[in-house]
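Beneath this line is the structure, given in structure tokens, with notes to follow.
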Amino acid sequence: EKPAEVVSWLGAVQAQDYAAAKWALGLRLHNTTDKIIEQAFNDGAILRTHVMRPTWHFVSPADIRWLLALTAPRLHARSASRYRELELDATTCTRCNTIITKALQGGKQLTRPELASALEQAGIVMNDPQRIAYIMMHAELDGIICSGAKRDKQLTYALLDERAPQARTLDRDEALAELTKRYFTSHGPATLPDFVWWSGLTTADARAGVAMTSSDLAHETIDGQTYWFSLATPTAMEPLATSSI
């Protein structure tokens with residue numbers, strides 16, 4: 001019935017294209033409008049951050065910390081060469097996180113250009129437009145920032161601690177099992193490679209996740225491909241209604 005329920009049920013919703021991501025939610029909601037989804041985003045009922053592949057995703061405030069803890073180390077590793085090219089070593093990124101935190105403290109919500117200006121004023125060189133993009137993504141993956149409310153048509157950032165103070169934490173195995181279960185429940189029937197692509201996890205992690213949740217999932221092998229799915233039907237999500245978004 002609500003945008004936050006859809007995001008939580010799916011685990012995460014790709015949101016690189018913000019408008020298309022809202023449409024993806026709208027198609028899965030009863031009698032919704034663009035205004036309702038925008039309000040959920042502005043109120044922080046759904047958040048947008050870099051997680052998984054990496055790309056922006058809508059995620060639930062309750063889930064954002066354990067999702068980041070599960071996927072961020074791999075994403076940092078995948079971006080390591082780009083960090084080096086942009087001279088964003090650990091010391092610089094830690095300093096950037098401190099500057100960004102100070103700029104946003106007290107409930108402030110600032111745009112990327114405003115935060116770039118704050119960083120530059122504090123002595124961080126902004127000689128490449130990609131530098132601010134990776135600084136902000138690094139801070140998202142570190143759990144420092146996430147989306148704030150929109151300001152007119154501009155997207156803003158806010159401190160994650162202030163935007164999602166009740167975010168849950170899980171140990172790694174619990175997080176892996178939870179993400180696996182949600183994926184195959186909401187996206188199944190799906191294969192292990194489907195889950196690997198969607199989550200950005202390694203094949204070994206995906207297999208471990210399936211092993212941990214196999215009692216909650218069913219599977220069927222067709223033409224040599226094994227498809228996993230849940231036998232439990234989420235009645236709150238049925239039937240899918242045409243949205244007025």
Side-chain angles (χ1 to χ4, degrees), residues 12 14-19 21 38 40-169 200:
Q14 183 171 326
Q16 187 79 15
D17 185 324
Y18 178 74
E38 281 278 307
F41 178 76
N42 288 332
D43 290 345
I46 55 176
L47 301 175
R48 184 172 179 258
T49 195
H50 276 91
V51 69
M52 300 202 301
R53 289 192 291 280
T55 189
W56 269 303
H57 282 77
F58 284 146
V59 296
S60 164
D63 299 331
I64 189 169
R65 285 215 175 272
W66 65 259
L67 277 170
L68 286 170
L70 178 63
T71 66
R74 179 165 168 77
L75 301 183
H76 276 317
R78 288 174 61 178
S79 299
S81 62
R82 192 64 181 130
Y83 291 155
R84 287 193 295 271
E85 291 169 358
L86 294 167
E87 298 181 343
L88 295 174
D89 58 20
T91 300
T92 301
C93 288
T94 298
R95 186 178 171 212
C96 289
N97 286 350
T98 300
I99 296 164
I100 291 168
T101 299
K102 184 176 179 181
L104 293 173
Q105 277 177 339
K108 294 178 185 175
Q109 299 183 6
L110 300 176
T111 64
R112 181 181 289 187
E114 289 169 341
L115 287 168
S117 178
L119 288 161
E120 195 164 29
Q121 289 175 21
I124 302 297
V125 177
M126 290 292 158
N127 58 353
D128 184 326
Q130 282 291 300
R131 206 160 196 250
I132 184 60
Y134 274 84
I135 287 170
M136 300 308 292
M137 184 178 74
H138 197 290
E140 287 176 298
L141 294 174
D142 283 353
I144 304 298
I145 57 172
C146 63
S147 59
K150 285 183 72 177
R151 188 195 305 160
D152 297 322
K153 294 184 179 181
Q154 297 184 84
L155 293 163
T156 69
Y157 293 90
L159 290 179
L160 180 53
D161 280 345
E162 295 180 351
R163 200 68 165 152
Q166 304 302 318
R168 293 189 300 157
T169 58

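As the structure is a prediction and not an experimental result, all values here were calculated from the model. By convention here, the first residue in the shown sequence is residue 1.
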Listed partners of [X] passing side chain to side chain contact (heavy atoms under 4.5 Å, CB included), at least two apart:
X: R74; value: R78, T202
X: A149; value: N42, Q109, R163
X: A164; value: L47, P61, I64, L160, A167
X: D43; value: Q39

Side chain to side chain, [X] and [Y], heavy atoms closer than 4.5 Å:
X: T111; Y: L155; value: no
X: L115; Y: L104; value: yes
X: E140; Y: Y157; value: yes
X: R131; Y: I124; value: yes
X: S147; Y: T156; value: no
X: I135; Y: L119; value: yes
X: H57; Y: R48; value: no

Salt bridge (Lys or Arg N to Asp or Glu O under 4.0 Å) partners for [X], two or more places apart:
X: E87; value: none
X: R112; value: none
X: R65; value: D161
X: E162; value: none

To the nearest 0.5 Å, tell me how far [X] [atom1] sits from [Y] [atom2].
X: L159; Y: L110; atom1: CG; atom2: CG; value: 9.5 Å
X: T71; Y: M52; atom1: OG1; atom2: CE; value: 7.5 Å
X: I132; Y: E120; atom1: CD1; atom2: CD; value: 9.5 Å
X: T169; Y: W66; atom1: OG1; atom2: CH2; value: 11.5 Å
X: I46; Y: E38; atom1: CD1; atom2: CD; value: 9.0 Å
X: T92; Y: D89; atom1: OG1; atom2: CG; value: 3.5 Å

May I ask you to check whether T94 and N97 show a side-chain donor-acceptor distance below 3.5 Å? no

Residues 92-119 vs ring pair (Phe, Tyr, Trp, His ring centres under 6.0 Å), sequence neighbours excluded, gives none

Could you give all pairs that pass the ring pair (Phe, Tyr, Trp, His ring centres under 6.0 Å) test and reach residues 80-101, with sequence neighbours left out? H76-Y83, Y83-H138

Distance-only, no hydrogens or angles: does the [X] side chain make a donor-acceptor pair with backbone N or O of [Y] under 3.5 Å?
X: D142; Y: I144; value: no
X: D17; Y: A19; value: yes
X: S79; Y: L75; value: yes

Any residue meeting side chain to side chain donor-acceptor pair (under 3.5 Å) with Q105, in chain and number order, not counting sequence neighbours: none

Can you run down the salt bridge (charged side-chain N to carboxylate O under 4.0 Å, His left out) pairs that involve residues 91-111, sequence neighbours left out, and say none if there aren't any? none

Is the H50 ring parallel, tilted or perpendicular to the W56 ring (thresholds 30°, 60°)? tilted

Kindly indicate, with the supporting measurements, whether the criterion side chain to side chain donor-acceptor pair (under 3.5 Å) is fulfilled by Q121 and S117. CA-CA 6 Å; Q121 289 175 21; S117 178; 3.1 Å; yes

Looking at Y134, is R82 sitting on its ring face, NZ or CZ under 6.0 Å from the six-membered ring centre and within 45 degrees of the normal? yes

